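Heads up: the structure comes next, in structure tokens.
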Amino acid sequence: MDATNKRDWGMFAAGIALIIAGFIFLLAPGLTLVSIAAVAGVMFLVVGAFDVYYYARYRKVMDYTGWMLASAICDIILGIMFLVNPIIAAEVIPWVAGAFMAAYGIFEIVAGVQLRGVVSWGWLIAGGIVSILCGVCFFIWPASFAIFLAFFLMMRGVTLAVAGATPHMVISDTTAHHHAA
């Protein structure tokens with residue numbers, strides 16, 4: 001068996017895309033909630049799909065727990081909700097998103113604690129704290145949704161970019177091929 005360090009550039013790209021979306025929301029908070037719903041919905045679906053793929057591909061090698069999969073499912077559900085009916089979503093987005101973001105933050109903190117000592121575990125905990133704070137702020141100041149969503153997207157993007165750019169040990173069974181030859 002050979003062990004090699006691999007980076008997940010797809011996860012890194014998804015993280016960068018979320019950071020860019022977050023900056024756009026910060027620079028233009030006057031965007032309508034319908035536009036925000038559509039953009040955020042697409043971004044959450046993309047990130048959720050990458051998370052499901054990453055979990056399925058590396059869960060046994062990296063010993064991932066179901067928390068990573070739960071987080072991916074939250075991203076996908078949130079993305080679908082934003083896209084199915086963005087006009088209705090615009091009315092309830094702050095409260096629904098607040099609940100999801102708070103739950104997502106809890107998932108991130110639990111995963112970070114479980115993965116303590118593993119590369120980028122601190123980013124998971126930091127991202128979880130930001131997610132919970134943004135979720136609570138959605139309930140308190142729903143009119144400021146775009147700003148808090150921007151912070152959430154940027155923190156989620158940084159977490160993904162760091163995880164994707166950090167080399168992960170991947171074990172491949174190349175010795176069987178060498179012995180067979």
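Values below: every heavy atom of this structure, side chains too, minus hydrogens, waters and symmetry copies. Model, not experiment: these values are computed from the prediction.
At a threshold of 4.5 Å between non-hydrogen side-chain atoms, the residues Leu45 and Ile80 count as touching. By the 4.5 Å heavy-atom criterion applied to side chains, Ile109 and Ile132 are counted as neighbours. Contact annotation: the side chain of Phe138 never approaches that of Trp95 to less than 4.5 Å [non-hydrogen atoms, C-beta and beyond]. A heavy-atom distance below 4.5 Å is found between the side chains of Trp123 and Met155. Looking only at side-chain heavy atoms (C-beta outward), Phe44 and Leu83 stay at 4.5 Å or farther from each other. Residues Leu160 and Ile19 have side chains not in contact (no heavy-atom distance under 4.5 Å, counting atoms from C-beta outward). Side chains of Asp8 and Arg57 form no contact here, defined as non-hydrogen atoms less than 4.5 Å apart. A heavy-atom distance below 4.5 Å is not found between the side chains of Tyr53 and Met11.
In this model, no donor atom of one side chain and acceptor atom of the other lie less than 3.5 Å apart for Glu108 and Ser71.
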Check against side-chain contact (heavy atoms from CB on, under 4.5 Å), Phe12 and Arg7
CA-CA 9 Å; Phe12 177 80; Arg7 290 177 171 81; over 6 Å; no

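Note on Asp75 versus Arg156: salt bridge recorded, some NZ/NE/NH1/NH2 to OD/OE distance being below 4.0 Å.
Atom CZ of Phe139 sits in a crowded spot, with more than 12 heavy atoms from other residues, nucleotides or ligands closer than 6.0 Å.
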